[in-house]
Enquirer: 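Here's a structure for you.
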Amino acid sequence: MDENVQVVVRVRPIERATKFKVEKNTISTLDNPVKSYTFDHVFDESSTQNEIHSELCSRYVLHTLEGYNTCIFAYGQTGSGKTYTMRGSDTTPGIIPLVCHDLFEALSLDQSTISTVDITYFEIYNEKLIDLLGETSPRVRENNEKKTFIQGITKFRVNRVEEILHYLSAGDSKRSVASTRMNLQSSRSHAIFTLSIKQTEPDGSVRESDLKLVDLAGSERAKATIGIDDGKRMKEGANINKSLSTLGRCISHLAKNSKNITPYRDSLLTWVLKENLGGNSKTCMIACISPSDLDETMSTLRYATTAKEIKLNAKMNEIKPNDNEEMRAVMEAAATNRKELENLKAEMSNLQSEYNIKSEQWKTHEKLLERFNHINKLNDYLEDQLRNEISKVKLLQREYQISKSEIKTAYGALTGVISVLREPNPSSNKVFGLESLISDISEFVLQLDSDISSFA
């Protein structure tokens, strides 16, 4: 949502008459030529902390809880009331403690939402970033989305306002302050206190937002610090003015909507506040003025007028389970993985079935092989037996041939004897006896032939 930086002015009360007058949301000079400046709101010398709280704090707490990044920063010359406006005192608390009270009061009203609050507190002193809640050496980094963040900063999770106030006091005790000719307790650094809120709804949607509360060091002329503390204050002032000058150039560049690169990197302050000055944020500038110094006041008013022209593009930082691109990608990847898993299970089942079939086939093969081996052994045994029987038959055949030959020889001899015996006057008994013997031998030979034939 495009909207301009909100700019309000707060006038510090002074005892003598001033050369300015306030009418509603306009502040004008009294001397000629008269110059008028109109802002979103002007708090005159009689304004109180509670009035500023009513006008600003509740609204920006609501924006933060809606999921928008928000920022309130106080700008002005040294001694104009910036730190008092932001921190206040024990009896008249300022914007930071009042915002924290409103935040926890609002969170306590919604019991269905799970909320967490983390805080960080650091200062930028002489272009160095110093952790006010720890001993780390934090550095400004930029993520893939070109948004800056503080790497290595000490972070605490808080559950009550009292915890925040404790950490604030501890951090304030470490802030760089010193005396100048314009202010006995001048802040010599830019202090940035950040509340990071994460809210998880019952439907799983998440809102994350940062609320930055910034107390800038005061702008001042070199004459206000020259000759003090061997020039240390002057060096601090030069660095303060450098960062505020870069802030002014960035504001001017953003107000003109220039296509050139905004010089955020020229100072740590603008690099840290990059998103709040020209990006995803709802930002309010409180221009604190002290009418006792006309030139500084006019410079601040011109500065604030330019800041009013900056347009921001604040977006609600809400992650919905069904709408978030990253979440959807994760869900699609999970669905793909589930599908691949099902395919792997099916393939595994097929492999198992194939294994079972092949296992059964192998078992059958083993049985067949076992039977084949048994048959081979039986066949070898029968072949051995057959060879033995054939050898026996051949032996019997040879014996038969020999016996047959011998019988034929004996038969021939007997026939010769019979022929002799049949000669005249043989004895009849002898002839009969020989014939009977020959007949028996013939029958024996015939029977032997029959037996051998049947055996073969």
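Sequence positions, counted from 1, serve as the residue numbers for this chain. Reckoned from all heavy atoms, side chains included, excluding hydrogens, waters and symmetry mates.
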Enquirer: Could you state the interatomic distance from CD1 (Ile119) to NZ (Lys155), rounded to the nearest 0.5 Å?
Expert: 11.0 Å

Enquirer: Could you tell me whether Glu370 and Lys367 have a side-chain N and a carboxylate O separated by less than 4.0 Å?
Expert: no

Enquirer: Begin from the C-alpha positions of Gln199 and Thr113 and carry the test side chain to side chain donor-acceptor pair (under 3.5 Å) through to its verdict.
Expert: CA-CA 6 Å; Gln199 303 169 85; Thr113 302; 5.6 Å; no

Enquirer: For residues Thr70 and His63, is any side-chain donor paired with an opposing acceptor at under 3.5 Å?
Expert: no

Enquirer: Please walk me through it: do Asp210 and Ser196 pass side chain to side chain donor-acceptor pair (under 3.5 Å)?
Expert: CA-CA 5 Å; Asp210 288 337; Ser196 298; 2.9 Å; yes

Enquirer: Where the side chain of Thr283 meets the backbone of Asn276, is there a donor-acceptor pair that is under 3.5 Å apart?
Expert: yes

Enquirer: Indicate whether the side chain of Asp118 and that of Thr116 have a donor and an acceptor atom separated by less than 3.5 Å.
Expert: no

Enquirer: Can a side-chain donor-acceptor contact be found between Asp215 and Thr83 if the only test is distance below 3.5 angstrom?
Expert: yes

Enquirer: Less than 4.0 Å between a side-chain N and a carboxylate O, is that true for Arg387 and Asp384?
Expert: yes

Enquirer: Please enumerate all residues that pass side-chain contact (heavy atoms from CB on, under 4.5 Å) together with Asn280, with sequence neighbours excluded.
Expert: Asn69, Lys147, Glu275, Ala314, Lys315, Asn317

Enquirer: Angle class for the Tyr303/Tyr75 ring planes (parallel below 30°, perpendicular above 60°, tilted otherwise)?
Expert: parallel

Enquirer: Among Leu30, Leu301, Ile289, Asp31, which residue meets the side chain to side chain contact (heavy atoms under 4.5 Å, CB included) test with Phe20?
Expert: Leu301

Enquirer: Are any of the side-chain nitrogens in Lys174 or Glu123 under 4.0 Å away from the carboxylate oxygens of its partner?
Expert: no

Enquirer: What I want to find out is whether Lys282 reaches Glu3 closely enough, with some N-O distance under 4.0 Å, to be called a salt bridge.
Expert: yes

Enquirer: Check whether the side chains of Ser243 and Ser267 place a donor and an acceptor atom closer than 3.5 Å, and report yes or no.
Expert: no

Enquirer: Would you confirm whether the ring centroid of Tyr167 sits within less than 6.0 angstrom of the ring centroid of Tyr121?
Expert: no

Enquirer: Output every pair passing salt bridge (charged side-chain N to carboxylate O under 4.0 Å, His left out) with a member in residues 64-77, not counting sequence neighbours, ordered by first then second residue.
Expert: none

Enquirer: Rounded to the nearest 0.5 Å, what separates atom SG in Cys71 from atom CG in Leu277?
Expert: 7.5 Å

